[in-house]
2 protein chains.
Amino acid sequence: MVTIKQVAKEAGVSVATVSRVLNNNGYVSQEALTNVKSVIEKLNYKPNSVARSLYNKTSNMIGLIVPDITNPFFPELARAVEDVAMIYGFKVVLCNSDQEPEKEKKYIDLFKQQYVDGIIMTAHSYESEIYTDLNIPVVALDRIGNTTLPAVVSNNYTGARKATDLLLQKGVENIAHIRGPRGVAPAEDRYRGFIDEVNKKNADYIIEESSFQLEGAEKKAREFLRAHTDVDGIFCSNDVIAVGVLKEALKKGIKVPEELQIIGFDGSFFGKMIYPELTTVSQPIYDMGAMATRLLIKIIEGNKPEKIFYEMPTTIIERSTTRK
Amino acid sequence: MVTIKQVAKEAGVSVATVSRVLNNNGYVSQEALTNVKSVIEKLNYKPNSVARSLYNKTSNMIGLIVPDITNPFFPELARAVEDVAMIYGFKVVLCNSDQEPEKEKKYIDLFKQQYVDGIIMTAHSYESEIYTDLNIPVVALDRIGNTTLPAVVSNNYTGARKATDLLLQKGVENIAHIRGPRGVAPAEDRYRGFIDEVNKKNADYIIEESSFQLEGAEKKAREFLRAHTDVDGIFCSNDVIAVGVLKEALKKGIKVPEELQIIGFDGSFFGKMIYPELTTVSQPIYDMGAMATRLLIKIIEGNKPEKIFYEMPTTIIERSTTRK
DNA sequence: ATGAAAGCGCTAACAC
DNA sequence: GTGTTAGCGCTTTCAT
C-alpha cells in the first residue's frame, strides 16, 4: 500500500503539503497542488482511513443495526439508509442483531471502536443507558423503546385503528388481531390501536400473539385457523404474519376475501408478490429510512435539528385480501 | 474513551505490560496479570481497534458484498456467513452493491482501507484484476466469474438439468425457460443445463430473459404469460422469477399446476410462504455461506485449504407447483 | 518480568 | 507557502 510518505517523496514535497492537498485546507501553491495531484494519480494513492480515523476520531461510516435481515421490511429500510448516506459521503455498515441483545451490544462496541460517526438502530432491545453514555449520535428507527433518542417511526397506532375500522366496515363480524411480540414498540402500538378501535365499535374480538418472523408466523397461523374457524377478519401486526395467514388459509381451502379478510402492516414488497395481493397498512418505508439518515447526519454535523421525533403517516393500500 | 495509558497508570505498570496481558503473550508475572485485569474490568477498558488495526494491519472483520439485499437468497446467505464468522471471532460488515460495479469497487476500497482480513463476494461484476492485486484473501460465493478465486457455488448446471427433466417427466409439452441476466454466472449455468437437457430430449422450447429482481420479474412474467398461452411448464432461473410467474398466472386464472407447472431455483424461504408452495431446485444456502466463510478464514489464518473450489449439491424440492 | 521507545499512516500546530 | 514534528492508541523490539 502506498503511503503519504511515498507520495511526498515522489513529489519532492513534505507530507504536510500532501496532507494539505488531500484535505484541501491550508496554503498550497498552484504548482505544488497540480504536482502532488498528479503523483497521487500516478501512484494510485488512497489515504489510509484507519490512520485517519485514529487521529480524527471519525470514519465517515454510519452503523446500521437491524433485528432481522430476512424480514423484507428491513432490507428495504436499509436500502434507503444506504442511498441517502452515500449522497452525503457516508458509507454504511449493516449489522444483523438477530434480535439478540448480546449481538446488538457487540455491534455497538464494534461501531464505537471503529469510530463510526453515527448509528441508526432499528433493533430490538433498548436499555437507554447503553446509548446515552455512548457519545455517538444515535437515531432510533421504527422500533423505539422508552428512550429520549431522536427517532423516526410511522404512526402505528393510527394505522392500526384504520386497519381495524376497514375490516369492520367491510362486514367482518368476528374480528381477530394477531399481534407481534411483547415489548416490541410497533407491535404494542398496533395492538393498542386495534383494542381502542374495536372497543369504540363495541365489537367482540380475539387476540393471538406471534413472532414477526417467517417460521413462527406460519406455525401460529396454522394453529390459529384450526382453533378459530368462525373468525372472518384478521388484522395482522405485520406483513410476514399476514402472508403466513393467507397461505395457511388458502391451503385449508378458505376463500379469501369471501370467507376471511386479511390485512397486514408494513407495505413491504412481500405483499405484492403473492396472490391474492395483500391489503395492508403501508408505511413509507423508504422515506422513513431516508428521514432517519438525514436526521442522523444533521446531528453528526453538529446542526441542531428542528425536530427530534418524526412520526410518518401510514396509508391503507386496499388490494385483494379484503372485499371491494 | 479509556486508553491503555490510563490503565497502565492506574495499575502502576507500563503500557507494555498492559499490552502483554491484553494479547496474553510475553512474560507477565501472576500478580501483574491479576492486577491489570482487575483495572481493565474496573475502568471497563476496551482496546481501541482502530489503533490496533493501524499497527497490525488486520481488523478481525470480514467484508461481505451482496448484489441485492432484497432478494431473500442473499440475506439467508448472509446469516450463515455471520454465524460462522462469529464463531471464529470475526465480525462481518455487509455491503449491498446493488449490482453496480461502481459501488462494488467503492466497498472494496473501503474494505481495503479498513484492513478487513478477508472478503466474501457474492456480487455481480468481476474484473479479475481488481481482486488479484488486492492482497486480501477473497472467496467468491454463488456468483463466480471467470476468475481463479477460491469459490463456493452450487451445482447450477446439474440442478437445471434435473429441473428440466422433472418438468418433462411431469408431462409438460410446451416448455419454457425464463433465464436470468446475461453475464451472471448462475444464470448462465442454469441456462446451459436447460438447453442441454431439452436438446437431449428433443423437446421444443422457448427462452425468455428476466432480471433476478422483483419488479423486473413480475413485469416479465405478465408479458410472458400474455404472449405464450400455450406454454404449460416453466423453469425459472430463480425463486423470485418463479414467484412472479406464479402470481401472474393465478391472477389470470391459470390453474397451477394443472394447466401450468412452475419450478424455481434457490430454495429460499420465499417459495414456502406462498400458495401453492413452490417446487424448486434447492441450494444448500446455509451450508454454502458457512463453507465459504470457513474457507476464507482458513486462508486468512495462513493455512492452505485442501480444495479451492467447492461445488455443492442441489436437490429438487417437489412442492405444489408441479403435478404429483 | 518489566519498561522505554520506535513506529503503524495520518493531521495539525508551529516554525521558518 | 512549506517543512518539522508531536501525537492519535496500540504493539513489539530491545534493554535492563
Side-chain angles (χ1 to χ4, degrees), chain A residues 1-40 43-61 109-117 135-136, chain B residues 1-40 43-61 109-117 135-136:
Chain A
M1 234 171 94
V2 18
T3 72
I4 198 172
K5 235 176 181 163
Q6 298 171 36
V7 174
K9 193 172 161 196
E10 179 80 18
V13 297
S14 76
V15 295
T17 301
V18 177
S19 178
R20 284 187 192 104
V21 346
L22 286 174
N23 302 288
N24 65 80
N25 59 16
Y27 297 92
V28 180
S29 70
Q30 190 56 47
E31 61 177 305
L33 186 83
T34 52
N35 179 21
V36 169
K37 275 194 170 164
S38 77
V39 171
I40 286 175
L43 301 184
N44 188 29
Y45 164 71
K46 310 245 192 246
N48 179 313
S49 57
V50 170
R52 274 188 159 170
S53 289
L54 184 58
Y55 187 92
N56 294 324
K57 299 188 178 336
T58 74
S59 62
N60 275 304
M61 295 194 298
D109 273 346
L110 174 68
F111 287 162
K112 196 169 167 184
Q113 287 170 34
Q114 294 296 134
Y115 293 126
V116 300
D117 296 313
N135 248 343
I136 302 177
Chain B
M1 232 170 92
V2 18
T3 71
I4 198 174
K5 236 179 181 161
Q6 299 172 36
V7 174
K9 195 172 161 196
E10 180 80 17
V13 298
S14 76
V15 294
T17 301
V18 177
S19 178
R20 284 189 190 102
V21 347
L22 285 174
N23 302 287
N24 64 80
N25 57 17
Y27 299 91
V28 180
S29 70
Q30 191 55 48
E31 61 176 304
L33 186 84
T34 51
N35 178 21
V36 168
K37 275 193 170 164
S38 78
V39 172
I40 286 175
L43 300 184
N44 187 26
Y45 165 71
K46 309 246 190 247
N48 179 314
S49 58
V50 170
R52 276 190 154 166
S53 289
L54 184 58
Y55 186 92
N56 294 324
K57 298 189 180 337
T58 75
S59 62
N60 275 304
M61 295 193 298
D109 273 346
L110 174 67
F111 287 163
K112 197 170 168 180
Q113 288 171 33
Q114 295 295 135
Y115 292 124
V116 300
D117 296 314
N135 251 342
I136 303 176

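Proteins get letters first, then strands, A, B, ... in listed order; numbering begins at 1 in each.
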Partners of B:Ala51 by side-chain contact (heavy atoms from CB on, under 4.5 Å), sequence neighbours excluded? A:Leu54, B:Asn48

Who passes side-chain contact (heavy atoms from CB on, under 4.5 Å) against B:Ser14, sequence neighbours left out? B:Ala16, B:Thr17

With the side chain defined as heavy atoms from C-beta on, A:Leu54 is closest, among D:dG1, D:dG9, C:dA1, to D:dG9

Kindly calculate the angle separating the two end axes of the helix from C:dA1-D:dT16 to C:dC16-D:dG1, each obtained from five base pairs, and round it to 10 degrees. 50°

Report which part of the nucleic acid B:Val50 touches: base, sugar-phosphate, or nothing (heavy-atom distance under 4.0 Å, all strands). nothing

Among residues at least two apart in sequence or on other chains, which ones pass side chain to side chain donor-acceptor pair (under 3.5 Å) with A:Asp117? none

Listed by chain and number, what are the side-chain contact (heavy atoms from CB on, under 4.5 Å) partners of A:Val15, not counting sequence neighbours? A:Ile4, A:Lys5, A:Ala8

Considering only residues two or more places apart or on different chains, which pairs with a residue in residues 25-36 of chain B satisfy salt bridge (Lys or Arg N to Asp or Glu O under 4.0 Å)? none

Below 3.5 Å is the cut-off: list the nitrogen or oxygen pairs between protein and nucleotides 10-14 of chain D, distance only.
residue : atom : partner : partner atom : Å
D:dC10  : OP1  : B:Tyr45 : OH           : 2.5
D:dC10  : OP1  : B:Asn48 : N            : 2.8
D:dC10  : OP2  : B:Ile4  : N            : 2.4
D:dT11  : OP1  : B:Asn23 : OD1          : 3.3
D:dT11  : OP1  : B:Asn23 : ND2          : 3.2
D:dT11  : OP1  : B:Arg52 : NE           : 2.7
D:dT11  : OP1  : B:Arg52 : NH2          : 3.1
D:dT11  : OP2  : B:Ser19 : OG           : 3.0
D:dT12  : O4'  : B:Tyr55 : OH           : 3.0

Rounding to a whole Å, what distance do you find between B:Asn35:CG and C:dT2:C1'? 13 Å

Take atom CD of B:Gln30 and atom P of C:dT2, then tell me their distance rounded to the nearest Å. 10 Å

Taken in chain and number order and not counting sequence neighbours, the residues that satisfy salt bridge (charged side-chain N to carboxylate O under 4.0 Å, His left out) with B:Lys46 are A:Asp109

Mind checking side chain to side chain donor-acceptor pair (under 3.5 Å) for B:Thr3 and listing every partner two or more places apart, or none if nothing turns up? none

When B:Val28 and B:Lys57 are each assigned the nearest nucleotide of DNA chain C, the 5'-most assignment goes to B:Val28

Do B:Ser49 and A:Gln114 have side-chain atoms, one donor and one acceptor, less than 3.5 Å apart? yes

